[in-house]
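What you see below is based on every heavy atom in this structure, not just the backbone, and it leaves out hydrogens, waters and symmetry mates.
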Amino acid sequence: MATALLVIDLQVGVLEGCFDAGGVVARTGALVERARAAGAPVVWVQHVDEDLPYGGAAWQLAAGLVPAAEEPRVSKTYYDAFADTPLRALLQERGVRRLVIAGAQSDYCIRTTAQRAAAEGYIVVLASDAHTTTASEFHGVALEGEQIVAHTNRYFSGLRYPAVDVGIATHDAIRF
């Protein structure tokens, strides 16, 4: 079964203020190298909006993350990397049925894309130490980025869909 690594939104403008951003970028870089060594596809997903204009400084990937020429880049405008993008077709062309997911905004783009993938029948492994987010406040309740990352990991460690495996693993335990 073919596995792909999805690297979601590890962009300069997205990582500002994120919990353990440098560590997440380094661990994702290790995943990228391991995926490449195994011949697994690496797909780079980058958000585009008024704060992250395509090609602008904030839109660029974090230092140290450099897509290879043959690795596809997917631009998205929604939290869900499948929504109105060619992601599904790219994965189908490569026969991918298992996704390893790393990246930014655990509570938005990571969670939405990973859950969508599971609902569509992909086996999903969230790299538990290779995703991040910023602190957040809603209706007077404040959450630190570290708490959101931990909650996201707990959520995906228990998520179930019929005939689909969903789980978490540390970056160094993930195989391609």
Practice prompt. May I ask you to test the P86-V74 pair for a side-chain heavy-atom distance under 4.5 Å?
Written response: yes

Just by distance, do the side chain of D129 and the backbone of H171 share a donor-acceptor pair under 3.5 Å?
yes

Report the C-alpha distance between Y122 and F82 in whole Å, list the side-chain angles of each, state the deciding distance to 0.1 Å, and finish with yes or no for side-chain contact (heavy atoms from CB on, under 4.5 Å). CA-CA 12 Å; Y122 290 94; F82 288 93; 4.1 Å; yes

Shared hydrophobic cluster, V25 / V32 (ILVMFWY, side-chain heavy atoms < 4.5 Å) | yes

inquiry  = More than 12 heavy atoms of other residues, nucleotides or ligands under 6.0 Å from CZ of F176: yes or no?
reply    = yes

Taking the side chain as C-beta and beyond, is there a heavy-atom pair between L61 and P67 under 4.5 Å? yes

side-chain contact (heavy atoms from CB on, under 4.5 Å) between T113 and Y79, worked out = CA-CA 7 Å; T113 299; Y79 297 157; over 6 Å; no

Is there a path of hydrophobic side-chain contacts, each under 4.5 Å between heavy atoms of I, L, V, M, F, W or Y residues, that connects V149 with L10? no

Show me the side-chain donor-acceptor pairs of residues 16-24 shorter than 3.5 Å, one per line, residues at least two apart or across chains.
residue, atom, partner, partner atom, Å
D20, OD1, G23, N, 3.4
D20, OD2, R27, NH2, 2.3

Margin query: If hydrophobic clusters are built by linking Ile, Leu, Val, Met, Phe, Trp and Tyr wherever their side-chain heavy atoms come under 4.5 Å apart, do W44 and V12 end up in the same one?
Written below: no

Greater than 12 external heavy atoms within 6.0 Å of R154's CZ:
no

**Prompt:** Just by distance, do the side chain of R34 and the backbone of I174 share a donor-acceptor pair under 3.5 Å?
**Reply:** yes

The complete set of salt bridge (Lys or Arg N to Asp or Glu O under 4.0 Å) pairs with one or both residues in residues 75-93, sequence neighbours excluded, reads D9-K76, D80-R116, R88-E120

Tightest non-hydrogen contact, residues V124 and A114, listed as CG2-O, 3.8 Å

Original post:
Do W59 and V7 share a hydrophobic cluster (ILVMFWY, side-chain heavy atoms under 4.5 Å, transitive)?
Top reply: no

Would you say that R97 contacts I123 through its side chain, given a criterion of any heavy-atom pair below 4.5 Å between the two side chains? no

Q) Taking C-beta and beyond as the side chain, do V43 and E71 meet within less than 4.5 Å on heavy atoms? A) no

(Q) Apply side-chain hydrogen bond (donor to acceptor under 3.5 Å, both in side chains) to residues Y155 and Q115 and explain how you reach the verdict. (A) CA-CA 10 Å; Y155 179 81; Q115 186 156 359; 2.8 Å; yes

Answer with yes or no whether the hydrophobic clustering places V96 together with I8; edges join I, L, V, M, F, W, Y residues whose side-chain heavy atoms lie under 4.5 Å apart.
yes

Under 3.5 Å, sequence neighbours excluded: what are the donor-acceptor pairs made by side chains of residues 139-148?
residue, atom, partner, partner atom, Å
Q147, OE1, E144, N, 2.7

message = Keeping S128 on the side-chain end and I168 on the backbone end, is there a donor-acceptor pair under 3.5 Å?
response = no

Which of T152, T28, N153, D107 passes side chain to side chain donor-acceptor pair (under 3.5 Å) with H131? Answer is N153

